[in-house]
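For reference, the structure discussed in these notes is given below.
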Amino acid sequence: MPELPEVETIRRSLLPLLKGKKIKSAVLTHSKLLKNAEPGEFSSQLYGKTFQDIIRRGKYLMFYFEDQLRLLVHLRMTGQLRLEGSEIELKKHNHFVIDLDDGQQLRFVDTRKFGMLYIGSEESVSTQSGWHKLGPEPLSDKFSLEDFAAILQKRPKRRIKALLLDQHLIAGLGNIYVDEGLFRAGIHPQSLAGNIPPPKQHDLYQAIRAVLADGIEHRGTTLNDYVDGFGQTGSFQFQLQVYGRAGQPCRECESTVQRIKVAGRSTHVCEACQVMF
DNA sequence: CGTGTCACCTGACAGC
DNA sequence: TGCTGTCAGGTGACAC
């Protein structure tokens, strides 16, 4: 569900309405969600604090409060953050509620309970959550073609799809945007990273950045659960070329889109358009 | 270093 | 209708 474009859309939807709001109370009802502290600390640390900022790295969100306090959230598969009026009935799998001083509530909903929360100083939450081990941000100006090529060259035997999904190498790509990026670049997902010639490395670098930027522009991909901070769905699902289109004709060449397994993940590919290296 | 499998949970869906 | 098996966008641990 939430990959970089979805998490960024959530960040952008929440930030203007959370900034400057003070917390009247915070209640965690699924204690296992909080990975690095006792459940009671969720309430005690957040009580009376004011939202200052929200930063995204990869698929993580870090909420900033005064006194160096941070709340780090990872939505994993089905997590949702929603800002709703307190009069709106709680969803079935609601796991925390943060009451704001304007009567709104920030709520966390997660059917599969895979989400993760960390609370504490920036240093501790980033170390404990793995935030500090994330690879570069693919949309950053600082992420160059040379950086990307070096990542491939250092892992020549890795399948390109597995490499792109590895958050330690590049942060934020998930199954949907990897399949779409590889299609746009015309590269077969089983290709070995070291076999991809420089012109195609360039195509892939561009394709990944373009597909993520397009995903953000369309406010994310809603297949099942994903919604932004206001409960609104995205629309990038209507732009997908291969993901979820197994058995249907490729939009470029009319041959049938295949669904295969790569690196243990369901993978969508047009065998005619995507070259194996 | 690389891949495959499992686990964490719940719900949707196919097949019987 | 309802049972069972399979699968799902993420990630880390583990075996080989």
Side-chain angles (χ1 to χ4, degrees), chain A residues 1-10 29-36 56-61 72-81 91-95 108-118 126-135 151-183 189-195 211-212 215-216 218-228 233-247 259-268:
Chain A
M1 171 214 224
E3 305 180 30
L4 187 154
E6 289 74 33
V7 178
E8 177 62 19
T9 302
I10 293 169
T29 44
H30 179 63
S31 58
K32 286 173 74 177
L33 211 55
L34 183 59
K35 303 296 179 186
N36 75 330
R56 181 194 57 73
R57 275 280 281 130
K59 304 170 191 171
Y60 292 80
L61 288 174
L72 189 145
V73 180
H74 193 301
L75 302 170
R76 296 291 273 275
M77 302 272 268
T78 54
Q80 303 179 345
L81 283 166
K91 295 274 182 300
K92 184 176 178 189
H93 298 286
N94 195 96
H95 303 314
F108 182 81
V109 179
D110 186 4
T111 13
R112 291 173 72 179
K113 300 181 180 166
F114 285 174
M116 304 185 296
L117 298 179
Y118 294 83
S126 64
T127 308
Q128 290 161 339
S129 68
W131 163 291
H132 70 305
K133 288 189 185 163
L134 290 172
I151 290 169
L152 303 201
Q153 279 154 23
K154 278 188 202 154
R155 293 155 191 89
K157 299 206 164 157
R158 201 117 191 241
R159 307 230 175 256
I160 189 62
K161 170 148 185 177
L163 184 151
L164 295 174
L165 284 172
D166 189 334
Q167 304 298 300
H168 303 115
L169 303 181
I170 300 167
L173 289 161
N175 213 26
I176 298 175
Y177 292 93
V178 165
D179 282 5
E180 293 297 311
L182 286 166
F183 174 80
Q190 298 263 34
S191 301
L192 297 185
N195 292 352
V211 80
L212 291 172
I216 293 172
H218 288 84
R219 305 181 55 81
T221 304
T222 300
L223 295 177
N224 294 307
D225 306 283
Y226 165 72
V227 287
D228 70 9
T233 58
S235 63
F236 196 65
Q237 63 275 19
F238 303 118
Q239 312 297 318
L240 299 176
Q241 303 289 305
V242 285
Y243 189 88
R245 297 195 64 247
R259 182 165 146 178
I260 59 175
K261 276 264 194 252
V262 183
R265 305 298 301 280
S266 126
T267 298
H268 308 76

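No hydrogens, no waters, no symmetry mates; every other heavy atom, side chains included, goes into these values. Everything numeric here is computed off the predicted structure, so don't read it as measured data. A note on names: the letters A, B, ... follow the listed sequences, proteins ahead of strands, and every chain is numbered from 1.
- Listed pair A:Lys113 / B:dA7 fails the phosphate criterion, with no side-chain N or O lying under 4.0 Å from OP1 or OP2.
- Inter-residue side-chain proximity for A:Leu34 and A:Asn36 is flagged as met; some heavy-atom pair is nearer than 4.5 Å.
- The A:Glu3 side chain lies nearest to C:dG10 when the options are B:dT3, B:dC9, C:dG10.
- Across all strands shown, C:dT6 pairs with B:dA12; the Watson-Crick or G-U wobble distances both stay below 3.5 Å.
- For A:Arg158, whose side chain is taken as the heavy atoms from C-beta onward, the closest listed nucleotide among C:dA8, C:dG10, B:dG2 is B:dG2.
- Under a 4.0 Å N-O distance rule, the pair A:Arg158/A:Asp166 qualifies as a salt bridge.
- You'll find that the side chain of A:Asn175 is closest to C:dG10, out of C:dG10, B:dT3, C:dA8.
- The aromatic ring of A:Phe114 does not stack onto the base of C:dT11, failing the criterion of a centre distance under 5.5 Å from the six-membered base ring together with planes under 30° apart.
- For A:His93, no side-chain nitrogen or oxygen approaches OP1 or OP2 of B:dC9 to under 4.0 Å.
- In this model, no donor atom of one side chain and acceptor atom of the other lie less than 3.5 Å apart for A:Glu3 and A:Tyr226.
- Comparing the P positions of B:dC9 and C:dC3 gives a spacing of 23 Å, expressed to the nearest Å.
- Taking the P atom of each, B:dC1 and C:dG10 are spaced 24 Å apart, rounded to whole Å.
- For the pair A:Lys59 (side chain) and A:Leu173 (backbone), a donor-acceptor distance under 3.5 Å is present.
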